[in-house]
Amino acid sequence: MQIPYTDTARPDTGLYNAKLGIWLFLASEVMLFGALFSSYVLLRVGAPTWPHGYEILNIPLATLNTVILISSSVTMVMSWASLMMKDFGKYKRYMGLTILLAFGFLIVKGFEYGAKFSHHLYPSESTFLAIYFTITGLHGLHVIGGIIVNAYLWGPGAKMWKTEPVRFTNRVEVAGLYWHFVDLVWIFLFPVLYLL
Amino acid sequence: MDSTHTDDIKKQVRVYIIVFVALMVLTIVTVTISSLHLSVGAAITVALVVAAIKASLVASYFMHLISEKKVIYATLILTGIFFIALMFLPISHYLDPISVK
């Protein structure tokens, strides 16, 4: 069955279907992360003492990861803009860079987790570490999900550019919307968990 | 027609670069302010305000929300209402007569 409105706007919404689809998905994601933020507030307010994130966590590494993730958002939007300008070579470079930056984020996160584990700081150690590992872990899974989608669009999925360029450009835009959301969540996670 | 379209995208690319620089500056601002170790109330307010500015830059420009269709705005307004309700859930237990003793 042919999926309708992949490269043209649906008359009633004015959008191609995947765009409305991804926004509905992101709305559900807001609630997923919102529930965890809400839990964080509840746990913190209810705790007799709460550590400052900067006493336990590594601020320089988290700042580096913030820079990496924001940069990857820029390269992602540039990959879409490159397709809009019909420059496939540039698209490949920017998308490739986005994927590399995402791996960079995970590697830095891996170092952070590793340092915690080597000091026997596990989620069971304290409520703070439990919520820290839960939220950053879920965020990390989202980064992995983004890498899989972006790698597909960079590799085998890029064949679509030759046959259906508009549809392919839309796919990259949708993947970008997801990726920017992952960046957006981190923008809140960073100060809330590390700096306060 | 097509060259106008490409020019529009080129203009957008310039905006993306400006937003990128703004996000980097705001990241430095967040980290610098946190190193001052303000009181908890002031630190939370400043950190969340800066994060909200950064988030709105990403949403407005990278996610193109500055010029989107109505149905997406409607979806997000509804999401916002539910999100606010979710954030107020932790304090709602104060309204529970059993817990206030």
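Scope of the values below: all heavy atoms of this structure, side chains included, with no hydrogens, waters or symmetry mates. All values derive from a computational prediction rather than experimental measurement. Naming: A, B, ... by sequence-line order, numbering from 1 per chain.
Interface residue A:Thr66: only side-chain heavy atoms are found under 4.5 Å from chain B. In this structure, no portion of B:Ile84 lies under 4.5 Å from any heavy atom of chain A. If you measure heavy-atom distances from A:Val30 to chain B, the contacts under 4.5 Å come from both the backbone and the side chain.
Within a 6.0 Å sphere centred on CZ of B:Phe88, other residues, nucleotides and ligands contribute 12 heavy atoms or fewer. Counting heavy atoms of neighbouring residues, nucleotides and ligands inside a 6.0 Å radius, atom CZ of B:Phe82 does not exceed 12 of them. More than 12 non-hydrogen atoms from other residues, nucleotides or ligands lie less than 6.0 angstrom from OH of B:Tyr16. Annotation: A:Lys90, atom NZ; neighbour count of heavy atoms from other residues, nucleotides and ligands within 6.0 Å does not exceed 12.
When all heavy atoms are compared, the tightest approach of A:Trp80 to B:His64 is CZ3-NE2, 3.5 Å. Minimum interatomic distance between A:Met85 and B:Val13 (heavy atoms only, all atoms of both residues): CE-CG2, 4.1 Å.
Each of A:Leu83 and A:Val166 belongs to its own hydrophobic cluster when Ile, Leu, Val, Met, Phe, Trp and Tyr are linked at side-chain heavy-atom distances under 4.5 angstrom. Grouping the Ile, Leu, Val, Met, Phe, Trp and Tyr side chains by contacts below 4.5 angstrom, directly or via other members, places B:Leu38 with B:Val31. One hydrophobic cluster, built from ILVMFWY side chains closer than 4.5 Å, cannot hold both A:Leu100 and A:Tyr91; they sit in different ones. Both A:Leu36 and A:Val45 belong to a common hydrophobic cluster when Ile, Leu, Val, Met, Phe, Trp and Tyr are linked at side-chain heavy-atom distances under 4.5 angstrom. A:Ile3 and A:Leu177 are members of different hydrophobic clusters when ILVMFWY side chains are connected at heavy-atom separations under 4.5 Å.
The distance from atom CG of B:Leu23 to atom CD1 of A:Ile70, rounded to the nearest 0.5 Å, is 5.0 Å. If you take CG on B:Leu86 and CE on A:Met31, they are separated by 4.5 Å, rounding to the nearest 0.5 Å. To the nearest 0.5 Å, the span separating OH on B:Tyr61 from OG on A:Ser73 amounts to 15.5 Å. Separation of atoms CZ (B:Phe20) and OG (A:Ser71) is listed at 4.0 Å; rounding is to 0.5 Å. Summarising the geometry, atom CE belonging to B:Met63 is positioned 12.5 Å from atom CH2 belonging to A:Trp179; distances are rounded to the nearest 0.5 Å. A distance of 7.0 Å separates OG1 of B:Thr6 from NZ of A:Lys86, quoted to the nearest 0.5 Å.
The hydrophobic cluster containing B:Ile77, built from Ile/Leu/Val/Met/Phe/Trp/Tyr side-chain heavy atoms closer than 4.5 Å, also comprises B:Ile81.
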So B:Leu48 and A:Val192, side chain to side chain contact (heavy atoms under 4.5 Å, CB included) or not? Walk me through it. CA-CA 8 Å; B:Leu48 288 184; A:Val192 167; 4.0 Å; yes

What verdict does the side chain to side chain contact (heavy atoms under 4.5 Å, CB included) test give for A:Val67 and B:Met24, after you've listed the backbone C-alpha separation in whole Å, the side-chain angles of each residue and the deciding distance to 0.1 Å? CA-CA 7 Å; A:Val67 171; B:Met24 288 298 159; 3.7 Å; yes

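Judged as a side chain to side chain donor-acceptor pair (under 3.5 Å), the pairs with a partner in residues 22-43 of chain B (not counting sequence neighbours) are, in order, A:Tyr54-B:His37, B:Thr27-B:Lys54.
When the heavy atoms of residues 181-190 of chain A are compared with those of chain B, the residues falling under 4.5 Å are A:Phe181, A:Asp183, A:Leu184, A:Ile187, A:Phe188, A:Phe190, listed by number. Residues of residues 15-28 of chain A having a heavy atom under 4.5 Å from any heavy atom of chain B, listed by number: A:Leu15, A:Lys19, A:Leu20, A:Trp23, A:Leu24, A:Leu26, A:Ala27.
Per-residue counts of heavy-atom pairs under 4.5 Å with chain A were compared for B:Ile44, B:Ile72, B:Val58, B:Val40; the largest is that of B:Ile72. Between chain A and the options B:Ile33, B:Leu65, B:Val50, heavy-atom pairs under 4.5 Å are most frequent for B:Leu65. For the set A:Gly46, A:Ala35, A:Ala62, A:Ala9, the count of heavy-atom pairs under 4.5 angstrom toward chain B peaks at A:Ala35. Between chain B and the options A:Leu43, A:Leu42, A:Val77, heavy-atom pairs under 4.5 Å are most frequent for A:Val77. The choice from A:Gly34, A:Ser38, A:Ser39, A:Gly14 that makes the most heavy-atom pairs within less than 4.5 Å of chain B is A:Ser38.
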